[in-house]
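Quick notes on the structure that follows.
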Amino acid sequence: MSRKRLNEDQRDVLREIGNIGAGNAATALSQLLNQKIDMKVPKVNVVGFDEVMDLIGGPEQTIVGLIFRINGDIPGTVYVILQIEEAEYLVRKLTNNPDYSLFDNTENQEIAISALSEIGNILTGTYLSALSDFTTMNLQPSVPYLGIDMAGAILTVGLIEISHTSDYVIIIDTEMHQDDKQFEKISGKFLFIPDPESFHNLFTKLGIDYND
């Protein structure tokens with residue numbers, strides 16, 4: 001199957017779904033962090049595997065990656081990608097520990113993993129809920145796996161395994177804005193890698209003409 005870009009109509013549909021998910025995620029995160037948060041989806045596109053690494057800063061960029069396996073009517077894999085400083089800021093806010101570091105190997109690490117997993121669950125759950133509402137399909141995320149490493153190490157294993165059966169990655173850029181001078185904007189990436197049959201089914205359900 002040939003690899004191609006989405007046209008503007010296709011991006012608009014996915015962006016609308018992303019924005020609904022972002023709005024719901026902002027509400028949930030505002031309650032979790034006890035402060036006002038706005039989220040938006042500035043860009044949506046479909047890219048090939050060889051482009052993914054460049055879009056997250058290169059293979060040597062250290063990142064936090066939360067990985068979910070999606071089961072149901074549109075099976076696939078989701079990655080939630082955060083930069084180290086963004087993830088540390090969120091953990092500090094959630095734990096009220098201003099000195100926390102992701103490379104702290106004390107008992108606080110388990111708390112941090114739990115906090116980041118909860119954020120990943122919120123982002124993934126709200127996006128999938130919006131997608132499920134649009135498509136009337138059932139989508140269920142697994143318990144997340146969390147990795148803190150270079151992007152190449154986190155993504156390559158998963159992408160190589162998936163690349164045997166799929167060609168595409170849907171990337172939804174997310175921006176979180178808040179009233180905090182220390183960290184006014186947090187930019188994350190939501191990567192949805194549908195299984196081969198899922199991609200066609202997804203766009204068919206959305207009423208989008210997307211021929212392989």
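Looking at residues two or more places apart in sequence or on another chain, you find a side chain to side chain contact (heavy atoms under 4.5 Å, CB included) between T135 and I74, L131, M137, L202, K205, L206. Every residue two or more places apart in sequence or in another chain was checked for a ring-ring contact (aromatic ring centres under 6.0 Å, His included) with F192, and none qualifies. Every side-chain hydrogen bond (donor to acceptor under 3.5 Å, both in side chains) that N138 has, sequence neighbours left out, goes to Q140. Partners of N19 according to the side-chain hydrogen bond (donor to acceptor under 3.5 Å, both in side chains) rule, which considers only residues two or more places apart in sequence or in another chain, do not exist here. Every residue two or more places apart in sequence or in another chain that forms a side chain to side chain contact (heavy atoms under 4.5 Å, CB included) with T204 is listed here: H200. Applying the salt bridge (Lys or Arg N to Asp or Glu O under 4.0 Å) rule to D12 yields the partners R15; only residues at least two apart in sequence or on another chain are considered. Annotation: side chain to side chain contact (heavy atoms under 4.5 Å, CB included) contacts of A130 (sequence neighbours excluded): I17, I20. Remark: K189 pairs with D173 by the salt bridge (Lys or Arg N to Asp or Glu O under 4.0 Å) rule, at least two apart or across chains. Under the ring-ring contact (aromatic ring centres under 6.0 Å, His included) criterion, F68 pairs with no residue, sequence neighbours left out. Listed by chain and residue number, nothing satisfies the side-chain hydrogen bond (donor to acceptor under 3.5 Å, both in side chains) test with E16 (two or more places apart in sequence, or in another chain). For D38, the side-chain hydrogen bond (donor to acceptor under 3.5 Å, both in side chains) partners are K36, not counting sequence neighbours. Partners of A22 under the side chain to side chain contact (heavy atoms under 4.5 Å, CB included) rule, at least two apart in sequence or in another chain, are M39, V41, Y127.
Both L123 and L32 belong to a common hydrophobic cluster when Ile, Leu, Val, Met, Phe, Trp and Tyr are linked at side-chain heavy-atom distances under 4.5 angstrom. Y79 is not connected to M150 by any chain of hydrophobic side-chain contacts under 4.5 Å among Ile, Leu, Val, Met, Phe, Trp and Tyr, and they are in different clusters.
Side-chain contact between P144 and N121: present, with at least one pair of heavy atoms (C-beta onward) separated by less than 4.5 Å.
Counting all heavy atoms, side chain and backbone alike, I37 lies closest to A26 at O-CB, 3.5 Å.
Distance alone, capped at 3.5 Å, places no donor-acceptor pair between the T77 side chain and the I193 backbone. Using modelled atom types, one side-chain atom of E86 and one backbone atom of Q83 make a donor-acceptor pair closer than 3.5 Å.
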Could you go step by step and tell me if D54 and E51 meet the side-chain contact (heavy atoms from CB on, under 4.5 Å) rule? CA-CA 6 Å; D54 289 338; E51 300 171 83; 5.9 Å; no
